[in-house]
Structure formats: C-alpha cells, structure tokens
Visitor: 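Mind having a look at this structure? Questions to follow.
Here is the naming used below: chain letters follow the sequence lines, and residue numbers restart at 1 for every chain.
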There are 2 protein chains.
Amino acid sequence: MTNVPTGYDKHAFEPFAVTVDLAVFTVRADALQVLLVERALDPYAGSWALPGGFVLPRESAEAAARRELAEETGLPGDVVEALHLEQLRTYSDPDRDPRMRVVSVAFAALVPDLPEPRAGSDAAQARWVRYADAEPLAFDHDRILRDARDRVRAKLEYTGLATAFCPPEFTLGELQQVYETVWGTTLDRPNFRRKVLATPGFVEPADGPRRRTAGRGKPAALYRAGGAGALHPPLLRPGGKGGGPR
Amino acid sequence: MTNVPTGYDKHAFEPFAVTVDLAVFTVRADALQVLLVERALDPYAGSWALPGGFVLPRESAEAAARRELAEETGLPGDVVEALHLEQLRTYSDPDRDPRMRVVSVAFAALVPDLPEPRAGSDAAQARWVRYADAEPLAFDHDRILRDARDRVRAKLEYTGLATAFCPPEFTLGELQQVYETVWGTTLDRPNFRRKVLATPGFVEPADGPRRRTAGRGKPAALYRAGGAGALHPPLLRPGGKGGGPR
DNA sequence: CCAAAAGTGTTAGCGTTACACCCATGC
DNA sequence: GCATGGGTGTAACGCTAACACTTTTGG
C-alpha cells in the first residue's frame with residue numbers, strides 16, 4: 001500500500017473497472033454443466049460467456065456476484081444467499097477486455113439440479129451447457145471456466161462441497177453420483193458409503209426413507225449436509241491421489 | 001460481463017483503485033517471518049503494513065506484485081522474477097480503505113533466508129517480523145496475513161512449495177526444518193526422508209556434500225527442487241490429516 | 001422370479017508410524 | 001570419547017481397495 005500517487009487523489013491514476021465473472025456449476029443428466037449467457041451488448045455480442053457484471057460503488061465483489069446471479073437466473077433471493085460461492089482468483093491482464101482496463105474477480109458457484117434459468121435482464125438468453133461443450137467463450141472465459149472446474153474437482157477431495165450439488169435432503173447414491181460425474185470416475189459403493197459416514201460432519205441422517213437415485217431398487221436413507229467444511233480424512237480420487245495444483 | 005452501464009463509457013461508473021498486497025514469508029531463526037513496512041504516508045501513517053502498491057495502467061496484478069517486491073526489498077530483478085508468487089484472493093469490502101474505493105489483490109511470496117530488506121522507496125522502513133508478532137497491521141492486513149499463512153501451511157502438504165523457502169541447494173534436514181517451523185510440529189526424520197525421496201519430482205540430488213543445518217554432525221547430501229508442482233502422495237500433517245480449509 | 005439399487009461383511013495389501021541402530025564429523 | 005546431525009532397517013498398526021453377499025423394492 002505504498003507508492004501512492006500524489007497522496008491518494010481520486011483522479012491521479014487511470015481508473016479501473018472491476019467486474020465479477022461466475023462459473024455456476026450443476027450436475028444434471030450425468031454431466032457437469034455450467035450456466036452460460038449469450039451476450040447482447042457489443043464486445044463479443046452474440047457470443048456465449050460466463051454470467052457476471054460490474055461491481056457497484058458500495059458493493060463487495062461477493063455481493064456483486066450474488067446480485068448478478070439472482071438477476072441472471074431468476075432464483076429467489078434466499079436461495080442465492082444460501083448457495084455456495086467461492087472466490088477463485090482475479091484476472092488482471094491489461095488486454096483481457098478490448099475496450100478498456102477491466103479487472104475481474106472470478107467465482108465458482110454450485111447449485112443443485114432444479115433451477116432452469118430464464119433469460120436474464122441483460123443477456124439475450126441463458127442456459128445450461130455441458131462443460132465439455134462450453135468452449136469457445138468470450139473474453140478469457142475459457143481459461144476462467146477451466147480454472148473453476150479444476151478447483152471444484154480438487155475441493156471435492158478435502159471439503160464437503162459435493163453436498164452443494166445436492167438438494168437439501170439426498171441419498172448417498174446421489175452424493176456418489178456427484179463425485180463420479182465431476183471426477184469422471186467410478187467409485188466402489190460400499191467403500192464410498194463407509195468413508196462418507198466415517199467422516200465426522202460430512203453428512204447427518206434425516207428422517208423418512210425414500211427411493212430416488214433412480215426409479216427402482218431398495219429405498220435409500222436420506223441425509224443432510226453436515227456442518228464440517230474440511231474433511232478428515234479426505235476422500236481421495238482413485239487415479240493419482242493428492243490435491244492438484246491450484 | 002453483462003449489465004454494462006451505458007455501453008462501456010469509461011466514466012459512466014465510479015472508478016476503482018486496484019492495488020496489490022504482499023505477504024512475503026521466510027523461515028529464519030526457527031520461526032516463520034513476514035516482511036513488513038512502516039507506512040510513511042497518511043492513511044495509517046506510522047503503522048506497520050504488508051508491502052504493496054497500486055497496479056499501473058498497463059500492468060497485470062502479478063507484474064505489479066513483482067515490481068513492488070523488487071522496490072521494497074532491493075532484491076535483484078532475476079531473483080524476484082524467479083521466486084514463487086501465489087495469488088491468494090481479492091479483498092473488496094467497500095470500506096476497507098477509509099479514503100476511497102480500493103480493491104486489493106493479495107499475494108503470498110516465499111523466499112529463502114538470505115535477504116535483509118533495505119528501506120524501500122516509499123516506506124519509512126522495512127523489516128522481517130515473526131508471524132506471531134506481526135499484528136496489529138494497517139487496513140485489513142491482519143486478515144490478509146492470516147489467510148496467507150493458512151494457505152502456505154496447507155500447500156506444504158500437497159505441493160513442493162517448501163523448497164521455495166530453501167536456497168537453491170539444500171539438505172533434507174533444512175527442508176524438514178521448514179516443515180517443522182511452518183507447521184509448528186516435529187517430524188520423524190527417517191520417515192520424512194523416505195517420504196520426500198519417494199515422491200517423484202519433489203527433490204533431485206545435487207553434487208558435493210556439505211554440512212549445514214547446524215555446525216555439527218555428519219555432512220549431508222544436497223538436493224535441488226524438483227520440477228513437480230503437486231506431490232503424489234501428499235505429505236500430511238501429523239495432527240488432523242487432510243488439507244485445512246482455505 | 002428377476003432386475004436394480006441399498007446396505008453389510010471380510011480379507012489382502014500397502015502405506016505410515018514408531019523406534020532401534022549405525023555413520024561421519026567437530027570439539 | 002562424546003555430542004550432534006545424517007542415514008538405514010524393520011515390525012506393528014491402520015486404512016483402503018476389492019469383492020462376495022444379503023436386503024428391499026418394482027415389474
């Protein structure tokens with residue numbers, strides 16, 4: 001915080017615009033999907049992009065992210081307030097926006113299957129797209145999206161993040177499908193079950209059995225997300241253990 | 001990137017200042033130490049703070065971080081270019097700076113013991129301080145510093161980051177001391193040695209034995225940092241395995 | 001009865017932990 | 001010789017992976 005030009009005069013330096021970009025993930029149809037919007041306005045108009053927008057003068061980046069998410073998806077405010085939002089990193093390449101200097105704070109958000117997006121206020125349209133089919137995107141959003149996916153994949157290992165993809169009550173089979181879909185692997189069901197239940201604070205039992213996870217088979221017990229953030233011990237990916245680089 | 005006010009007019013929105021803040025760590029005298037500067041200018045003048053400064057108009061945040069680091073520590077340019085710099089997160093609370101709207105991108109940097117800082121160009125003075133003795137700092141730097149330490153502690157588990165605290169050639173005893181100092185634990189030497197050598201790409205042997213790590217004992221073999229970013233398998237902390245929350 | 005998914009049990013293998021022991025050097 | 005740190009060996013324990021098996025539902 002040194003090197004202050006001319007003692008903090010508000011116009012002694014080039015102004016920066018600050019935006020947020022959101023990689024909103026869900027698990028649907030056995031695939032990791034991401035929410036994209038079609039740009040209506042000029043830079044990259046007609047291209048698909050991550051939702052996002054400018055941070056307002058009296059707003060933190062986190063608050064801006066939730067506000068933009070509500071605007072673009074039409075989700076009720078309390079849902080948006082509750083969902084898991086995670087700051088990824090900030091992209092500040094001087095040329096990342098062709099018009100002017102824009103510094104963007106990127107977030108990853110995780111939502112359960114349910115919501116179908118309606119066209120947002122500013123975007124021409126919004127829809128879910130399989131991660132594999134998302135590129136190419138506007139600006140440097142290809143890179144942001146890849147970083148976001150890497151982060152989510154890694155965090156499933158050592159946090160209870162996977163429950164954010166599930167509805168409030170879920171079966172262990174559904175939770176396992178989240179892991180298998182995001183990691184692109186298969187997991188041994190008995191071992192998965194034991195590991196999850198042996199990890200304190202990961203899930204806690206709910207009441208009233210149900211069947212779900214498919215139309216057939218024995219009804220499964222329901223669980224809610226536990227309070228724990230970190231998992232002890234972690235749930236490691238089969239091939240190549242250890243968290244990846246961030 | 002939607003919700004563009006008045007089609008991108010450069011002055012249609014409130015300007016933001018963008019800064020970088022640096023948590024520069026080293027391991028000296030059996031303690032994790034951090035580089036602090038005494039503020040010369042007005043907001044919090046006389047207080048200690050993390051080094052940092054404004055991002056210039058044609059500069060990325062990463063470039064600004066390296067430039068500021070070179071200015072404040074007097075390290076030669078090639079050293080600064082090579083050292084490990086890691087983006088932490090961005091702090092954007094509207095009231096984090098009493099004067100105006102400042103969004104700050106925080107970085108953690110890791111350096112070996114050697115350099116003693118000289119007083120920087122803008123700071124009244126700069127010096128190494130034990131992490132435990134650092135607070136209170138100006139602005140929200142207490143929080144940034146804590147986040148930075150948590151991140152470094154966690155990343156020692158699953159990356160080869162610890163070698164960034166060591167000189168180009170180091171003994172396994174020195175590397176172990178880094179882990180013990182940063183984690184505040186003791187490790188079993190034979191097991192530490194085996195784990196490190198069994199992890200591909202963590203370290204690779206150098207030539208010519210030396211003694212170091214202390215004045216006495218059998219001379220130890222020297223190693224260089226290997227190319228691997230992620231550690232397979234990870235080197236877990238004794239108490240409470242798994243990566244902590246980030 | 002059959003298919004499908006939930007749930008329980010068991011064993012072999014591997015990695016880690018904890019400790020004993022030897023080696024090389026300075027004083 | 002003795003203290004100090006480097007380096008090797010090894011046995012017990014715990015966790016995980018892999019797979020066999022039982023249970024409960026719908027058709």
Visitor: What residues, two or more places apart in sequence or in another chain, satisfy salt bridge (Lys or Arg N to Asp or Glu O under 4.0 Å) together with B:R194?
Guide: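 With sequence neighbours excluded, B:R194 shows a salt bridge (Lys or Arg N to Asp or Glu O under 4.0 Å) to no residue whatsoever.
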Visitor: Taking side-chain hydrogen bond (donor to acceptor under 3.5 Å, both in side chains) as the definition, give me every residue that meets it alongside B:T90, ordered by chain and number, with sequence neighbours left out.
Guide: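 Listed in chain order: A:T90.
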Visitor: Can you tell me which residue pairs pass the ring pair (Phe, Tyr, Trp, His ring centres under 6.0 Å) test with a partner in residues 185-215 of chain A, sequence neighbours excluded?
Guide: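 The answer is A:Y179-A:F192.
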Visitor: Going by atom types alone, do A:S104 and A:D21 pair a side-chain donor with an acceptor below 3.5 Å?
Guide: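 A pair is found: one side chain offers a donor N or O, the other an acceptor, under 3.5 Å apart.
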Visitor: For A:E157 and D:dT16, what is the distance between atoms CD and P respectively, to the nearest whole Å?
Guide: 13 Å
Visitor: Which residues in residues 195-206 of chain A have a heavy atom closer than 4.0 Å to any atom of DNA chain D?
Guide: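 Residues of residues 195-206 of chain A under 4.0 Å from DNA chain D: A:K195.
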Visitor: Give the rounded distance in Å between these two atoms: CG of B:L235 and C1' of C:dG15.
Guide: 13 Å
Visitor: Give a yes or no answer on whether the side chain of B:Q87 reaches the backbone of B:A106 with a donor-acceptor pair at less than 3.5 Å.
Guide: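 Such a contact is absent between B:Q87 side chain and B:A106 backbone.
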Visitor: Could you pull out all residues at least two apart from A:R66 that satisfy side chain to side chain contact (heavy atoms under 4.5 Å, CB included)?
Guide: A:V80, A:L83, A:L85
Visitor: Which listed nucleotide (D:dG6, C:dG7, D:dA18) is nearest to the side chain of A:D188?
Guide: D:dA18
Visitor: What is the distance, to the nearest angstrom, from the CZ atom on A:R212 to the C1' atom on D:dG26?
Guide: 18 Å
Visitor: Can you measure A:F192 atom CZ to C:dA6 atom P for me and round it to whole angstrom units?
Guide: 11 Å
Visitor: What nitrogen or oxygen pairs link the protein and nucleotides 20-24 of chain C at under 3.5 Å?
Guide:
none

Visitor: Here's a test of your reading of the structure: between A:N191 and A:T213, which maps to the more 5' nucleotide of DNA chain C?
Guide: A:T213
Visitor: What residues form a salt bridge (Lys or Arg N to Asp or Glu O under 4.0 Å) with B:R143, not counting sequence neighbours?
Guide: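 B:R143 satisfies salt bridge (Lys or Arg N to Asp or Glu O under 4.0 Å) with B:D147 once adjacent residues are dropped.
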Visitor: With a 3.5 Å cut-off and sequence neighbours excluded, list the donor-acceptor pairs that the side chains of residues 213-229 of chain B form with protein atoms.
Guide:
residue	atom	partner	partner atom	Å
B:T213	OG1	B:T171	OG1	2.7
B:R224	NH1	B:E169	OE2	3.2

Visitor: For B:Y223 and D:dG6, give me the distance from atom OH to atom P, rounded to whole Å.
Guide: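 Distance check: B:Y223 OH to D:dG6 P gives 11 Å.
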Visitor: List for me each residue that meets side chain to side chain contact (heavy atoms under 4.5 Å, CB included) alongside A:T186, sequence neighbours excluded, and say none if there are none.
Guide: A:E180
Visitor: Taking only side-chain N and O atoms of B:R193, does any of them lie within less than 4.0 angstrom of OP1 or OP2 on D:dT8?
Guide: yes
Visitor: Which parts of residues 167-184 of chain A get close to DNA chain C, meaning a heavy atom less than 4.0 angstrom away?
Guide: A:G173
Visitor: B:R194 side chain: which of D:dG7, C:dT10, C:dC19 is closest?
Guide: C:dC19
Visitor: B:D133: which residues meet the side chain to side chain contact (heavy atoms under 4.5 Å, CB included) condition with it, sequence neighbours left out?
Guide: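 B:D133 satisfies side chain to side chain contact (heavy atoms under 4.5 Å, CB included) with B:V129, B:R130 once adjacent residues are dropped.
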Visitor: How would you list, by chain and number, every residue that makes a side chain to side chain contact (heavy atoms under 4.5 Å, CB included) with B:D142, sequence neighbours excluded?
Guide: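 With sequence neighbours excluded, B:D142 shows a side chain to side chain contact (heavy atoms under 4.5 Å, CB included) to B:E135, B:P136, B:L137, B:R146, given in chain and number order.
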Visitor: What's the CG-C1' distance between B:L187 and D:dG6, to the nearest Å?
Guide: 16 Å
Visitor: B:R211 CZ to D:dG5 C1': how many Å, rounded?
Guide: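 Answer to the nearest Å: 10 Å.
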